[in-house]
There are 4 protein chains.
Amino acid sequence: MARQPPSSTVPRGRPRDPRTRAAILAAARALLERGGLTAVTIEAIAQKAGVSRPTIYRYWPNAPAVAMAAFLDVTGAPDAARSTRSPYAALRAQFHAVADAFAAPAGRSVAAMVAAAQSETELAKAFRNEFIARNRDATRLLLERCIEDGLIAPPADMELVLDLVFGPLFYRLLMGHAPITRGFVDRLLDTVIPASA
Amino acid sequence: MARQPPSSTVPRGRPRDPRTRAAILAAARALLERGGLTAVTIEAIAQKAGVSRPTIYRYWPNAPAVAMAAFLDVTGAPDAARSTRSPYAALRAQFHAVADAFAAPAGRSVAAMVAAAQSETELAKAFRNEFIARNRDATRLLLERCIEDGLIAPPADMELVLDLVFGPLFYRLLMGHAPITRGFVDRLLDTVIPASA
Amino acid sequence: MARQPPSSTVPRGRPRDPRTRAAILAAARALLERGGLTAVTIEAIAQKAGVSRPTIYRYWPNAPAVAMAAFLDVTGAPDAARSTRSPYAALRAQFHAVADAFAAPAGRSVAAMVAAAQSETELAKAFRNEFIARNRDATRLLLERCIEDGLIAPPADMELVLDLVFGPLFYRLLMGHAPITRGFVDRLLDTVIPASA
Amino acid sequence: MARQPPSSTVPRGRPRDPRTRAAILAAARALLERGGLTAVTIEAIAQKAGVSRPTIYRYWPNAPAVAMAAFLDVTGAPDAARSTRSPYAALRAQFHAVADAFAAPAGRSVAAMVAAAQSETELAKAFRNEFIARNRDATRLLLERCIEDGLIAPPADMELVLDLVFGPLFYRLLMGHAPITRGFVDRLLDTVIPASA
DNA sequence: CGGTAAACGAGACGGTACGTCGTGTCTTTGA
DNA sequence: TCAAAGACACGACGTACCGTCTCGTTTACCG
């Protein structure tokens, strides 16, 4: 089991400056937020971060990949367990937070990353695993606690429930046919996950 | 002697050759289906359609706009009223068709257009009005007939119901975390719009 | 002597509006003076003259041709015979006029036409016959009168003399290494065509 | 710690491949000789030189500038001092060479550059300093030697003499109203700079 | 006086070239 | 070995004119 570090683990030559990576991500994030995906060009990132283009390529293969990294860097998973509250209240709070984020200019970035994930499989996988899966996991956890506590009736198909609560949110975010308000989230949850009794 | 300022309805100059427009859209559609949005370049369209680049710009302002036009050109609204069936059966049939379309390579185009609609307001509006709205309208119509016939219980919020059935479909299409099968559509409809009694 | 007009000489159809030709030439001339030869585009002429592009092509084959026509339209031959003066004084006056013209912004047009005449034989011929030849003819005439009156010694090679007076003028106009002043003209004439006795 | 602002003499980054520049100039020269100025397009140069268009723009701002550079690259100044001969013979030889050059297809290029120099000040300056001035300088030098050796009478205005010998040459080159032969050059020199005694 | 023919404006269309931007790779020097 | 700077080929961009064409409309003449 002892992993044999042949020679590759031994850092040779000039070590990478951690500030370089951070500067690139910060620049990419800024460009992503105003300007959307098309504004995230290697050129612009290099300029803004004070870094040469080849350096960026040493870290990521192309511009969307940097954008995705920048996006995932900030967007942490929701911290599911705010212990004091009831799981049902925590669930509501979590979705209120999502609604707020989607309504804010940051929601623009989410949409951009959805778009980016269409073209390249690698990005799609990253987005799915790092962003989508995390959100679903956090919600699934809370739902299971609700069920344990008898706050909601156990659903026939848990994954379908997750699709039913997240689907409409992304649908509105991406189509923009209607706003994403807390009221909307409330009606959505009341319909899909009604409190039992 | 009074020169009549031509009231804009009078076509002046050489009329446009309808084949030109058709050729451009056909080329764009083909490129969109394999290759996705990034493959739809003015250059490639011009080549494929046997048309000069400036001609394309005479019709549309940029590549995504052509792609959107090509997409909307084929994608007609679902023909809601297959008279013989019950509205509820028609509803199911309609969503089965959507599921089939989304699962087919054409679904790729839908995702691409969602992505395209993120960057430009004009495209977003077109996509919303021509594609999203049409689909919702068709479904809304069928739902109202079902209610009239007492096949389903009248929902508190019709728009929310529409979000609940379309949202998960687009969610799966865009995230790709799970396939869009007829079985999925059935479970979805059974949950959101259960047949009354 | 009675020319038989078969049918081609008889003007059929709507006669050309003389204002059209004039408007085109005026526009071309204006564009030529500021902006030089590159500014004389069919597009710009059409715009400025309020005329359609095909109309211009009905009169001339291409833009430089219009420019040349516009140039030659204004630039009449010098009126050699100002009867009252002595031929020698007339000669001087004529070259002073040329110097003035070359020094003025109109000189810019002359240079432009020299440039234009390089590319196309047709233009070169027109320029040579309409502009160069006329100027040489007028000067040759005056020189011959001077010789008749015994004001100057008869030169061995008249054409060389013409090259010697016109050459340096065009040389300075085109190279711009020195200004074209009346003083320069005077020194030039004094050297090449000194008054006899 | 004080970052030294690189004093421009230190070459940073990848150095330019000298073959690139050479290839561009060679291509431009070839295009210039047959086809004239209008044939010297960036597109054509890139094609012929096996170089990308942006690369050309990295060296020169536009097509005429490349043409001028190509022209000046070959056209070295005449080597005035062929020591063995008398300065007067050298003078004659020099102008015979010019006549030959002007009469050859290369003369076409000279005319083209005169034309090109009309539109842009930068080009005019380059042409004047690199080509016109060099030729005048070489001739002026020989003339001064002739005067020193008492071969010709000292002229009142040296610059005028230079205009008188070069002017007619360019005049004939550009107007094409008469050929540029050695005989013409001889008559020209005999008239303007007669051997004294 | 009505038909015919050309003039003319407007604009479509295939081209060619423009000058620019971004990409991804490579080659230097310097840390 | 990393990092910077910049060279370079490539591909696409959106624009400007070109020269030709197809229309509809207008204006003369001629039978």
Side-chain angles (χ1 to χ4, degrees), chain A residues 10-17 20 38 40-47 50-59 61-63, chain B residues 3-4 6 10-21 38 40-47 49-59 61-63, chain C residues 10-21 38 40-47 49-59 61-63, chain D residues 4 6 10-21 38 40-47 50-59 61-63:
Chain A
V10 180
R12 305 253 296 142
R14 175 174 170 177
R16 289 188 168 180
D17 186 337
T20 300
T38 57
V40 186
T41 70
I42 297 290
E43 186 72 33
I45 296 171
Q47 200 100 37
V51 151
S52 75
R53 264 178 315 124
T55 297
I56 300 176
Y57 283 110
R58 216 167 286 121
Y59 286 81
N62 49 44
Chain B
R3 193 85 78 76
Q4 184 83 6
V10 183
R12 307 264 281 147
R14 176 175 171 178
R16 292 186 166 179
D17 186 336
R19 286 172 305 171
T20 300
R21 193 190 139 90
T38 57
V40 185
T41 71
I42 296 290
E43 185 72 33
I45 297 171
Q47 203 101 38
V51 151
S52 74
R53 240 160 353 109
T55 294
I56 300 176
Y57 283 110
R58 217 169 285 123
Y59 285 80
N62 48 46
Chain C
V10 181
R12 305 256 296 145
R14 175 177 172 177
R16 290 185 169 181
D17 187 337
R19 287 172 305 171
T20 300
R21 195 190 135 90
T38 56
V40 187
T41 69
I42 297 290
E43 186 74 32
I45 296 170
Q47 202 99 38
V51 150
S52 76
R53 265 181 309 131
T55 295
I56 300 176
Y57 283 108
R58 218 168 282 125
Y59 286 80
N62 49 46
Chain D
Q4 183 83 7
V10 182
R12 307 266 284 149
R14 176 176 173 177
R16 292 187 167 179
D17 187 336
R19 286 172 305 170
T20 300
R21 193 191 137 91
T38 57
V40 186
T41 70
I42 297 290
E43 185 73 32
I45 297 170
Q47 203 101 37
V51 151
S52 74
R53 241 158 352 108
T55 295
I56 301 176
Y57 284 110
R58 214 170 289 120
Y59 285 80
N62 49 47

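Here is how names work: the chains are called A, B, and so on, in the same order as the sequence lines, proteins then strands, and each is numbered from 1.
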Which residue, A:T20 or B:N62, contacts DNA chain F at a nucleotide closer to its 5' end, judged by nearest heavy atom?
A:T20

Can you tell me how far the [atom1] atom of [X] sits from the [atom2] atom of [Y], to the nearest 0.5 Å?
X     : Y     : atom1 : atom2 : answer
C:T41 : C:N62 : OG1   : CG    : 12.5 Å
D:Q47 : D:R53 : CD    : CZ    : 10.0 Å
B:T55 : B:I42 : OG1   : CD1   : 11.0 Å
D:R21 : D:I56 : CZ    : CD1   : 13.0 Å

Rounded interatomic separation in angstrom, taking [atom1] from [X] and [atom2] from [N]:
X     : N      : atom1 : atom2 : result
C:R16 : E:dA6  : CZ    : C1'   : 10 Å
D:D17 : E:dT25 : CG    : C1'   : 15 Å
C:R19 : E:dA7  : CZ    : P     : 16 Å
A:Q47 : E:dT23 : CD    : C1'   : 15 Å
D:I45 : E:dG19 : CD1   : P     : 11 Å

Between B:R53 and B:R21, the residue closer to the 5' end of DNA chain E by nearest nucleotide is B:R21

Nearest nucleotide by nearest heavy atom, which residue falls closer to the 5' end of DNA chain E, A:A63 or B:V51?
B:V51

Remember a base hit wins even if backbone is also touched, and classify A:E43 as base, sugar-phosphate or nothing at under 4.0 Å, heavy atoms.
base

Classify A:T41 by what it touches in the nucleic acid, base, sugar-phosphate, or nothing, heavy-atom distance under 4.0 Å.
sugar-phosphate

D:I42 side chain, from C-beta outward: closest of E:dG19, F:dC8, E:dC8
E:dG19

Which heavy atom of A:S52 sits nearest to which heavy atom of A:A46, and what is that distance?
C-CB, 4.2 Å

Test side chain to side chain contact (heavy atoms under 4.5 Å, CB included) on D:V51 and D:T20; report intermediate values, then the result.
CA-CA 7 Å; D:V51 151; D:T20 300; 4.2 Å; yes

Does C:T55 make a side-chain N or O approach to OP1 or OP2 of E:dC8 shorter than 4.0 Å?
no

When you measure from the side-chain N and O atoms of C:Y57 to the phosphate of F:dC17, is any distance below 4.0 Å, counting only OP1 and OP2?
no

Atom pairs, N/O to N/O, protein against nucleotides 22-25 of chain F, distance under 3.5 Å?
none

